[in-house]
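To start, the structure under review is shown below, and the notes come after it.
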There are 2 protein chains.
Amino acid sequence: MVASSQFRELCHRHSLAATHQRQVIYETVMSLPGHPSPEAIYGKVRKKIPCISLATVYKNIQTFLDSGMLREVSLHHGAMRLEPNHEPHHHLVCVRCKSIEDLDAGNLHPVRLRQKLPRGFQVERIAIDILGVCRDCASKNPSGEKTLSSKNHLSGEQ
Amino acid sequence: MVASSQFRELCHRHSLAATHQRQVIYETVMSLPGHPSPEAIYGKVRKKIPCISLATVYKNIQTFLDSGMLREVSLHHGAMRLEPNHEPHHHLVCVRCKSIEDLDAGNLHPVRLRQKLPRGFQVERIAIDILGVCRDCASKNPSGEKTLSSKNHLSGEQ
DNA sequence: CTAGATGCAAACAGTTTGCGTCACT
DNA sequence: AGTGACGCAAACTGTTTGCATCTAG
């Protein structure tokens, strides 16, 4: 409410209409601790706008992600993906088509913990994802709209 | 087919019955390139066992994950999770309850690419997940069955 | 005034579950 | 013989869509 003008400006920068719902959703995401799910956001937004639709929440989250105003914790690949590769390796993940390519562990210097982790966390392994745009997506659409579908996305059959 | 006895032994080590379906599913996962989804696995398995049920595929994938015979590429948190934290940081992810905690980037020495990535991949950022068992899960169940539900899982309301 | 945003309900996709039957050990 | 696996269909959860109405620019 206080920063209403800031929000309007932010929307303007991303060519989005500054609606009330949009502002409340955005502020709610930013105010929630941790890494909220759409459902959790909806729950809290509804306290301010009881009649808001869950679809509106989803649509706006998508809008924020597309515009870069918000980010996903880890990419949501739609379906579970299994890892047959037992060799130590990391992943090259395309943020557009969501393809995942293996990258041999030898290509990265090993990660080093600079010091102790908080509260009795027992480390099992460290996963590194290099996020970016793969060659195919970059060539298809150098700027950056949206691509999906294509390639590896849900396939596995060669 | 060739390695049938190997598979029986593998199952025995994990106290699982060595059924035909189980073997075909396992071999299919291992044979598929990349990071197959359950649907893709089902598609290929059906070529060998046309009447197999999708539920059987899911149940066995779950069994393999639980027993450690297979691994997920990145944890499937059930729902999309948003990242309000714009500061550079990484994540501490519990493989049991799937909670996600932030870890300040200063706690890790920066990752260094040991050399060029394959084929025109445009890096946007590098995400590091430290996977393991969080204190709560470790204390509740030091051995390692299954826990889920509890904590951060889908919540966001305080 | 018009493009785009909202709300609703129905549709989807991915995954899980219950239960009767069947097969491995 | 008994425990656990399979197959089927129905249920669920998370997410998306179509369309009529409304609103910011």
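A note on names: the letters A, B, ... follow the listed sequences, proteins ahead of strands, and every chain is numbered from 1.
- Separating the CD1 atom of A/I49 from the C1' atom of C/dG7 is a distance of 12 Å, rounded to the nearest angstrom.
- B/F121 is listed as a side-chain neighbour of A/I130, based on a closest heavy-atom distance under 4.5 Å.
- At whole-Å resolution of the value, NZ in B/K48 and C1' in D/dC6 are 19 Å apart.
- Rounded to 10 degrees, the angle separating the terminal axes of the helix from C/dC1-D/dG25 to C/dT25-D/dA1 is 50°, with each axis obtained from five end pairs.
- Checking the phosphate oxygens (OP1, OP2) of C/dG4, no side-chain nitrogen or oxygen of A/R22 falls inside 4.0 Å.
- Between the B/T56 side chain and the B/I52 main chain, no donor and acceptor come within less than 3.5 Å of each other.
- Checked by atom type, the side-chain pair A/K47/A/T28 shows no donor-acceptor distance below 3.5 Å.
- Regarding A/L82, its CG atom lies at a distance of 14 Å from the P atom of C/dG14, rounded to whole Å.
- In this structure, the side chain of A/K98 engages the main chain of A/H76 through a donor-acceptor pair within 3.5 Å.
- Side chains of A/V73 and B/I100 form a contact here, defined as non-hydrogen atoms less than 4.5 Å apart.
- The residue among B/H20 and A/L16 whose nearest nucleotide of DNA chain C lies closer to the 5′ end is A/L16.
- For C/dG7, its base sits under 3.5 Å from the side chain of A/K59 at one donor and acceptor pair at least.
- Distance B/H12 NE2 to D/dG4 P: 14 Å, rounded to the nearest Å.
- Look at CD on A/Q23: it is 17 Å from P on D/dT23, rounded to the nearest Å.
- Residue B/I25 contributes atom CD1, which lies 12 Å from atom P of D/dA5 at whole-angstrom precision.
- Phosphate contact (OP1/OP2 of D/dT15, side-chain N/O of A/Y58, threshold under 4.0 Å): present.
- Atoms CE (A/M80) and P (C/dA13) sit 19 Å apart, rounded to a whole Å.
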Throw together a table of side-chain donor-acceptor distances under 3.5 angstrom for residues 9-21 of chain A, partners on residues two or more places apart or in other chains.
from, atom 1, to, atom 2, distance (Å)
A/H14, ND1, A/S67, O, 3.2
A/T19, OG1, A/R22, N, 3.1

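- Here B/T19 reaches the OP1 or OP2 of D/dC6: one of its side-chain N or O atoms lies under 4.0 Å away.
- In this structure, SG in A/C94 is found 8.5 Å from CD in B/E124, a value given to the nearest 0.5 Å.
- The separation between A/H76 atom NE2 and C/dA13 atom P is 15 Å, rounded to whole Å.
- Of the residues in residues 50-57 of chain A, those with a non-hydrogen atom less than 4.0 angstrom from any atom of DNA chain C are A/C51, A/I52, A/S53, A/A55, A/T56.
- Using cut-offs of 30° and 60° on the angle between ring planes, the pair B/H35 and A/H91 is perpendicular.
- Contact annotation: A/Q21 side-chain N/O to D/dT23 OP1/OP2 distance is not under 4.0 Å.
- B/L82 is listed as a side-chain neighbour of A/L65, based on a closest heavy-atom distance under 4.5 Å.
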